[in-house]
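Some notes on the structure that comes next.
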Amino acid sequence: ANSVATTSKLANVPNLEDTKENPSAAQVEDRRQQGFSLFPSCVTFVWVLILQGVATHFLLHKFESAHENETQKHYHNSLSKTRELLQTRDAVIFGLAQLAESRDSDTGQHLERIALYSNRLANGVRNDPRFSKKASPSFVRLIGISSALHDIGKVAIADSILLKPGPLTESETLSMQCHAEKGAECIEKIEKRLGKCNFLEMAKEIAQSHHEHWDGQGYPNQIYGEEIPLAARIVAIADVYDALRSRRAYKSAMGHDESVEIISRQSGKQFDPAIVEIFLKMKNQFYEISESFGSSPEFQMHDFKMQSIIA
């Protein structure tokens with residue numbers, strides 16, 4: 001009896017599939033036509049998006065190109081102004097240094113030669129593995145102009161000492177040696193007004209320390225070895241070579257080979273032996289500079305005293 005009742009209840013449950021709306025063929029066709037009518041609109045919409053994207057790309061590219069051109073123009077203008085400032089700086093520095101040198105008519109183109117000697121020797125030092133981390137390309141560029149101020153302190157030395165045609169007395173020698181500290185003080189005063197910069201820092205090091213000796217027997221502070229700034233060690237060789245090769249109030253000019261020999265003998269004493277080694281490899285370049293920039297004619301030197309040369 002229960003089975004019959006259950007069967008009767010199930011028979012009364014409606015068939016959901018039968019209650020669903022079965023679209024007619026006309027309705028199906030109408031919906032298909034509606035789908036086709038939407039297709040062109042979709043295609044148009046996609047093409048509009050593509051065209052907008054392309055237009056945006058070109059506008060951005062044009063804007064970026066204009067911005068890049070403006071940036072490059074600004075960069076070139078800034079670079080041009082920087083070069084002009086550097087040229088002005090170099091001209092002022094050389095003018096100031098020439099003023100100090102003008103009191104001694106025997107020095108000729110001393111500053112030009114010192115700048116070239118220092119630059120060439122610094123380049124040789126930079127290419128040596130022992131100094132590659134200490135001598136950068138900017139170091140080589142700076143040393144040429146910085147070296148021009150190496151003897152700026154001589155403006156404080158009396159003509160009676162600076163131009164004396166004979167040996168200096170002990171007191172006169174001490175007075176002459178003061179030019180190293182006087183030069184450093186002068187450059188330090190410039191630093192206080194203009195602010196610190198690599199150029200002035202190197203110039204001060206050179207002015208103060210280019211008469212220091214590798215063995216500690218130099219002046220003004222008797223520092224030795226690598227305590228002496230690298231730039232000063234380089235200019236020391238350049239300065240002595242030019243002094244040996246030039247006529248001065250107290251001596252005649254010396255030949256290239258003899259000058260090189262004196263510097264070689266001072267290796268490890270007055271000069272950094274590693275830099276002397278580099279100098280000896282490029283000594284012919286020093287000779288070419290010396291000949292090109294008007295060193296005095298070569299003479300055999302009599303009564304030569306190293307103390308006078310390096311003063």
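Since the model is a prediction, treat every value here as computed from it, not as a measurement.
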Is the backbone of N123 close enough, under 3.5 Å, to the side chain of N127 for a donor and an acceptor to pair up by distance?
yes
Hey, is the main chain of K192 close enough, under 3.5 Å, to the side chain of K189 for a donor-acceptor pair?
no
Which heavy atom in M282 sits nearest to a heavy atom in G124, and how many Å separate them?
SD-CA, 4.4 Å
For S290, does its backbone N or O pair with a side-chain atom of R113 as donor and acceptor, under 3.5 Å?
no
Closest non-hydrogen contact found for D272 with A274 is OD1-N, 3.0 Å
How far does CD1 of I228 sit from CD of E205, to the nearest 0.5 angstrom?
12.0 Å
Can you check whether E188's main-chain N or O pairs, donor with acceptor, with E191's side chain at less than 3.5 Å?
no
Would you confirm whether R233, through its side chain, and I275, through its main-chain N or O, come within 3.5 Å as a donor-acceptor pair?
no
Tell me if a side-chain donor or acceptor on D128 pairs with a main-chain N or O of R130 at a distance below 3.5 Å.
yes
W214 and G268 have their tightest heavy-atom pair at CD1-O, 3.5 Å
Has the side chain of Q222 got a donor or acceptor atom that lies under 3.5 Å from a matching backbone atom of G218?
yes
Under 4.0 Å between a side-chain nitrogen and a carboxylate oxygen: does that hold for D151 and K154?
yes
Is there a salt bridge (Lys or Arg N to Asp or Glu O under 4.0 Å) between R245 and E291? Walk through the geometry before answering.
CA-CA 10 Å; R245 295 277 285 134; E291 293 299 300; 3.0 Å; yes
Begin with the C-alpha distance, continue with both residues' side-chain angles, and end with the deciding distance and a verdict on side chain to side chain contact (heavy atoms under 4.5 Å, CB included) for S138 and N198.
CA-CA 9 Å; S138 62; N198 292 338; 5.9 Å; no
side-chain hydrogen bond (donor to acceptor under 3.5 Å, both in side chains) partner of H211, the single match among Q270, Q177, H179:
H179
Among residues two or more places apart or on two chains, list those pairs meeting salt bridge (charged side-chain N to carboxylate O under 4.0 Å, His left out) that have a residue in residues 208-232.
K134-E226
Say whether, by atom type as modelled, one donor and one acceptor occur between the side chain of S209 and the main chain of I206 under 3.5 angstrom.
no
Output all residues satisfying side-chain contact (heavy atoms from CB on, under 4.5 Å) with P137, sequence neighbours left out; order by chain, then residue number.
R126, R141
By side-chain contact (heavy atoms from CB on, under 4.5 Å), which residues pair with A122, not counting sequence neighbours?
F139, V140, I143, I234
Closest heavy-atom pair, A148 versus L111, reported as atoms and distance to 0.1 Å, is O-CD2, 3.4 Å
